[in-house]
Structures are given as structure tokens and as C-alpha cells.
Amino acid sequence: MDKTILFEDLNISRELKKALKDMEFVEATPVQSQSIPLVMQGRDVVAQAPTGTGKTCSFGIPIIESTNPSDKSVRSLILCPTRELVVQTTNELLKLTKYKKQVKVVAIYGGQNIERQIASLKKKPQIIVATPGRLMDHMKRRTIHLDRLNHIVLDEADEMLDMGFRDDIDEILRSVPMDRQTVLFSATMSKEILAITKKYLKNPAKVQITKSEVTVKSVKQYYLEVSPIQKTDILARLIDINDFKLSIIFCNTKRKVDELAREMTARGYNAIGLHGDMRQTQRDRVMKAFKNGRVEILIATDVAARGIDIKDIDVVFNYDLPDDLEYYVHRIGRTGRANREGVSYSLVSRREMYKLHEIMRYTKAKIKFTTVPNVGEITNVRIQQTMATIMDVLTHSDLKVYSDAIQKFMEDSGDDYTILDIAAAFLKHEAGSDGIEDSQIKSGKKAAAHSRSDSKYTSDRIFVNLGKMDSIKPIQFRKLLNNCGVNDNEIHDIDILEKFSFVEVDKNKTQDVLTHLNGSVINGRRVNAEISIGRKKTLKRH
């Protein structure tokens, strides 16, 4: 079904339409237009759709509409991979049930007091949104009963499998009634996803949202070719010249999130980090501060950012290009929401250009090249911002004590300074200057080469004879390195090419990687690993 649906035309209750109107939802997204009629018919559905396409309403509207408010048993279960996505989905469903007070929704996830959850369950919710692990805990305690379940939704099923929930999903699906409706959403259709579909879904209807339909059409996408050591300076320039209010910066590792958050804060930016090593209470505080505008810049890893649903995000920065192509769509989908125009910038080194081209092929999107703002442009912006502040002070403040101080300075200095000279000096001081000169930007390649030979550079790039033809993915490579004793924060880069790959790890872990990988057999191939020499020449071919 390609026809776009208007929510007002749906055959749903007046209360639900009123809630949708309050949410300013008028026209359904492609995944909603295709999925809602099928789910309302009671069909099992398999939908391939990325994050940011409005999946929650795709199953939420039919589930809420079919829920009997007088029923006191669990009728619908929605499984999500992360606590953040559970919270986001629950909040969306609560908005939809705004005028259906008797329809109760409860969130069940790890990191929250289980006794508090048990108390919520005693209020007899008809809809439960849960992570698999915590749901299993309640099932074993017999605090959740699913024997009367009518609907089960597997949201972001591929992410649940990547996080190791396959056994839990199998057990949950075996435990619920056979006579039920099953709806599965996944960004990708792997063999494991197809196996679950074949085993547990009955003649499912298929929905596929192509990359051209993904809601990144409302996002202007740019990239800058930069040296790795200049990324932070250029990032600061982009933020300064555009005066963004809310920004998300994505990094590939927790260590880089922490490093960048410290550096941006030291430069005077209102920035904070978010990653999986933080306690849930910390993550909740960070998200609340960002959502309320007390923090302007959120620096996050991909997994930690799952479930972020803030409509006023001005820009997304890819400080690091993601390892998985799907993550690019997930990232930039955080901006340009609710019919607003968003923008994204990717900071790309010369050796990452092949990865950028893969992203463009995958998303069918044009990512435009843009140049680094020069010092003059930054200075002009800062002058205008400072002048606006000065006008506010002139309008609303008593300046006599300051005028007297200037008069005394002119009398005591003995130099032939005018009032205009002094005002210009103050303006220069307030507007500040950029930390990197234009000449340094132009010589970026030399700076990058120098950083490679610097004795402080503490990582090695390792060639491994495993590539895409061996069906190996970045997350599997990361686990492989973890098994060699390398922590995530000691992994700096993973480049998977067709027949081989390059990984960059801390120097003190190089020997561990070589020892563990050499001679091992992975996916039927005997592994050869060695320190890479002359990598630029090798990468040119790709």
C-alpha cells in the first residue's frame, strides 16, 4: 500500500483521534500508512524499517484501539532491546492513551527497582513494554502472566539479536498463546530474523520501507574532509558559525565520548557525554538536562542514543563515521523531525572516503561536500553575537560606573587612545579568536602525517585477512578483538573491505591481537594478522 493515510480518516475512536491531534500528527509516515491497516486487520506483519520512521504509532494505534478498557489482564506485549527505547515507546503510548484513561501501559526494564515495577503491575495494565531480560525475571517470579495475550510486538528485532537476546525471545514466544497476533519490526532482514519470522509468524504480511522513503529527506547532509587531529577544532567552528541550540555529536567509542565531552567543556561549550558505562540514573539525568535545554550539546555512542526522541534537535554531527551503515540513518534521523528541517555534518578523513561512498550508495542520499568556515567568518559571527549583547546592555543597564572607569583609564594611560579604540579592544576580547589558523587547516595532510610519526602516537594499524566476503561485520570484529583481551576503548578503528580488513588498537595490545588471531580459524578461514605498512597505498584501491 503506497497511499498516504491521514489520521483523521482512520476508522478509530474519537479519543484516539483527539490524542493524535494534540501530538500534531496529521499525515502518516510511509511505514504507518502501510502497517496500520494490516495490524488493524489482525494480520501478522513483518516490517523492515529503520529508526525514526514512526514505528511506535504503526503498532500502537491498532493495539490501543483494540484494547478493552474494562479488561484487567495483559493483552499486548511490546519487546524492545534497550531501556531507552522502552521508555520512549511507553511515553509515546501514554500520549496516545491521553483520553483513554482506563487503558494502562507499564514499562518493564532493568536498572529500575523491581518492587516498584511489581507495584505498577498490580494496577492491572493491559499493555506492557519491556526488555527481554527483565520480562523473563518477572515471568519467573510469576508477577507477569501472559496466558491471555492477544498481541506481541518485537521492535528493533535485529538489535535484540545483536545484544544476545535470541534465547530469551525464543522462550517468551514459546510461552505466550499460539492464537495471537505477532508483529516484527527490524532495520535489517538477517537470516536469524527470517528464521524467527518463519517459526513464529503465521502467513505474515510484508512491509518494506526503502531507503528513499526514510525520513532523512528533511535533513540536509554535508561532509567535510578533515585530518583526525583537527576534528575538534573544526567541530567548534561549525557550532560557532551556525549558533545551534541543540546538537548531538556521535562517536564510535565510549572513551572518545568522554574525551570529547571534557575537551568541549574546557573550551566553554555546554556539553555532556552519554554512553553505556554510565548508570541508568546518570543517563536519565543527562537526557533530562538535554531535553530541557540545560545542556546544549549531547555527545553519545550509538547504543546509548537509542530511544532519544527530541523534536527540536538542530544538528547531528558524525564525529566518527559509524561502523554499520544502518547507524548512519539512525543518527541523522534524530534531527529533521516533526516536519522541521534538520542538518547533519560528517567529519571524514581521507582514508574514510570509501566508507562515505558506501553510506551514499546505501541511503541513496546525496551528501554534499562543504568547506571549513574560515577565521574571518567565525570572527564576524562572534562580533554580531557580541554586538547584540552590547545593545541589550546599552538598553537595560546603568553604565555610569563603567563610563567613569573608561574616563579614568584614558586620563591615566597617557597614550592617544580614542573611545573607538577602547571599544574595539573590548569587542576583540569578547569575540575571542579561533584556536586553529586557516593556514593549519590547509596543511592538514602534513599535520596528519606528522601525528603518525609523533612518539606520542600510541596505536598500531593491523592487517587481517578477513573481509566482507567472509560475512564478518563490525560488531563481530569488535567481539573478536574483545576475545583477544582488547577493550572497546582500546579499539580506535575498524575498516572492513571486501577481502581483508584493518583494525587500529592501542600499541600495548598489538601483540595480544597478533598472538590470538594468527593461526586461528574464523568462518572457515585461517587467519593471518600483521602490522600494516604503507597503508595509504593499499587503501587507494578502495
Side-chain angles (χ1 to χ4, degrees), residues 84 223-239 247-267 269-279 282-283 286-287 290 295-306 308 315-325 327-328 330-332 334 344-352 355-356 359 435-436 444 447-448 451-452 454 456-462 474-475 477-479 481-482 486-496 502-510 513:
E84 287 78 14
Y223 78 92
L224 300 92
E225 187 176 341
V226 302
S227 162
I229 62 172
Q230 294 171 341
K231 280 187 177 183
T232 306
D233 291 301
I234 292 168
L235 175 68
R237 283 194 179 191
L238 290 169
I239 291 172
S247 310
I248 298 183
I249 303 169
F250 282 100
C251 303
N252 287 350
T253 66
K254 301 166 194 171
R255 185 174 77 170
K256 178 52 70 176
V257 165
D258 288 336
E259 287 176 355
L260 187 58
R262 284 194 297 269
E263 186 166 355
M264 294 298 284
T265 301
R267 288 171 178 243
Y269 295 94
N270 189 2
I272 196 166
L274 180 73
H275 57 67
D277 279 355
M278 298 166 68
R279 294 190 302 274
Q282 290 177 292
R283 291 159 77 174
V286 168
M287 284 308 306
F290 185 57
V295 170
E296 296 175 344
I297 300 172
L298 181 69
I299 304 169
T301 56
D302 289 293
V303 172
R306 287 266 174 161
I308 292 177
V315 61
V316 167
F317 292 99
N318 291 302
Y319 190 90
D320 301 316
L321 283 182
D323 292 328
D324 288 338
L325 300 179
Y327 282 145
Y328 180 83
H330 294 170
R331 288 178 178 188
I332 69 170
R334 303 299 169 195
S344 71
Y345 292 94
S346 296
L347 307 182
V348 187
S349 66
R350 183 174 291 274
R351 63 183 176 81
E352 291 179 309
K355 194 183 290 187
L356 182 75
I359 288 171
I436 184 169
S451 72
R452 286 279 139 196
D454 195 324
K456 293 180 181 178
Y457 191 74
T458 57
S459 63
D460 276 328
R461 190 165 172 85
I462 300 171
I475 192 167
F477 231 126
R478 197 171 290 277
K479 289 177 182 177
L481 294 171
N482 292 158
V486 184
N487 297 324
D488 282 352
N489 60 7
E490 295 169 320
I491 302 170
H492 304 297
D493 199 12
I494 298 176
D495 291 337
I496 301 180
F502 294 97
V503 297
E504 195 166 331
V505 300
D506 280 4
K507 272 186 181 292
N508 62 346
K509 293 294 182 178
T510 300
V513 173

When rounded to the nearest 0.5 angstrom, what is the spacing between [atom1] in [X] and [atom2] in [Y]?
X	Y	atom1	atom2	value
Asp488	Lys254	CG	NZ	5.0 Å
Leu347	Leu238	CG	CG	7.0 Å
Glu225	Ser346	CD	OG	13.0 Å
Asn318	Lys355	CG	NZ	10.5 Å
Ile272	Met264	CD1	CE	13.5 Å
Asn482	Ile491	CG	CD1	5.0 Å

> Checking salt bridge (charged side-chain N to carboxylate O under 4.0 Å, His left out) for the pair Arg351/Glu504: CA distance, chi angles, key distance, verdict?
Replying inline: CA-CA 13 Å; Arg351 63 183 176 81; Glu504 195 166 331; 3.7 Å; yes
>> Is there a side-chain contact (heavy atoms from CB on, under 4.5 Å) between Arg267 and Thr232? Walk through the geometry before answering.
In response: CA-CA 10 Å; Arg267 288 171 178 243; Thr232 306; 3.8 Å; yes
How far apart are the closest heavy atoms of [X] and [Y], and which atoms are they?
X	Y	result
Ala261	Gly273	CB-N, 3.9 Å
Ile299	Ala271	CD1-CB, 4.2 Å
Arg283	Met278	CD-O, 3.4 Å

>> For the residue pair Lys256 and Tyr319, would you count it as a cation-pi contact if the rule is NZ or CZ under 6.0 angstrom from the ring centre and within 45 degrees of the ring axis?
In response: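 No, Lys256 does not sit over the ring of Tyr319.
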>> Name the residue from Val316, Leu298, Leu321, Asp320 that meets the side chain to side chain contact (heavy atoms under 4.5 Å, CB included) definition with Phe250.
In response: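 Result: among Val316, Leu298, Leu321, Asp320, Val316 is the only option passing the side chain to side chain contact (heavy atoms under 4.5 Å, CB included) with Phe250.
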> Of Ile249, Asn270, Thr265, which is the lone residue that meets side chain to side chain contact (heavy atoms under 4.5 Å, CB included) with Ile297?
Replying inline: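 The side chain to side chain contact (heavy atoms under 4.5 Å, CB included) with Ile297 is passed solely by Ile249 among Ile249, Asn270, Thr265.
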> Which is it for Leu481 and Val513 under the side-chain contact (heavy atoms from CB on, under 4.5 Å) test, yes or no, and what are the steps along the way?
Replying inline: CA-CA 7 Å; Leu481 294 171; Val513 173; 4.1 Å; yes
> Does a donor on one side chain sit under 3.5 Å from an acceptor on the other, for Ser349 and Glu352?
Replying inline: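 A pair is found: one side chain offers a donor N or O, the other an acceptor, under 3.5 Å apart.
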>> According to side chain to side chain donor-acceptor pair (under 3.5 Å), who are the partners of Lys509, at least two apart in sequence or on a separate chain?
In response: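 If we apply the side chain to side chain donor-acceptor pair (under 3.5 Å) test to Lys509, skipping adjacent residues, there are no hits.
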Is there side-chain contact between [X] and [Y], with heavy atoms separated by less than 4.5 Å?
X	Y	value
Cys251	Leu260	yes
Ile494	Phe502	no
Thr510	Val505	yes
Ile496	Pro474	yes
Pro322	Arg331	yes
Phe317	Ile239	yes

> Is there a donor-acceptor pair closer than 3.5 Å between any side-chain N or O of Asp493 and the backbone N or O of Val503?
Replying inline: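 Between the backbone of Val503 and the side chain of Asp493 there is no qualifying donor-acceptor contact (under 3.5 Å).
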>> Run the side-chain contact (heavy atoms from CB on, under 4.5 Å) test on Thr301 and Leu274 for me, step by step, so that the C-alpha distance in whole Å, both residues' side-chain angles and the decisive distance to 0.1 Å come before the verdict.
In response: CA-CA 7 Å; Thr301 56; Leu274 180 73; over 6 Å; no
>> Evaluate Glu490 against Asn487 for side-chain contact (heavy atoms from CB on, under 4.5 Å), listing each step before the verdict.
In response: CA-CA 5 Å; Glu490 295 169 320; Asn487 297 324; 3.6 Å; yes
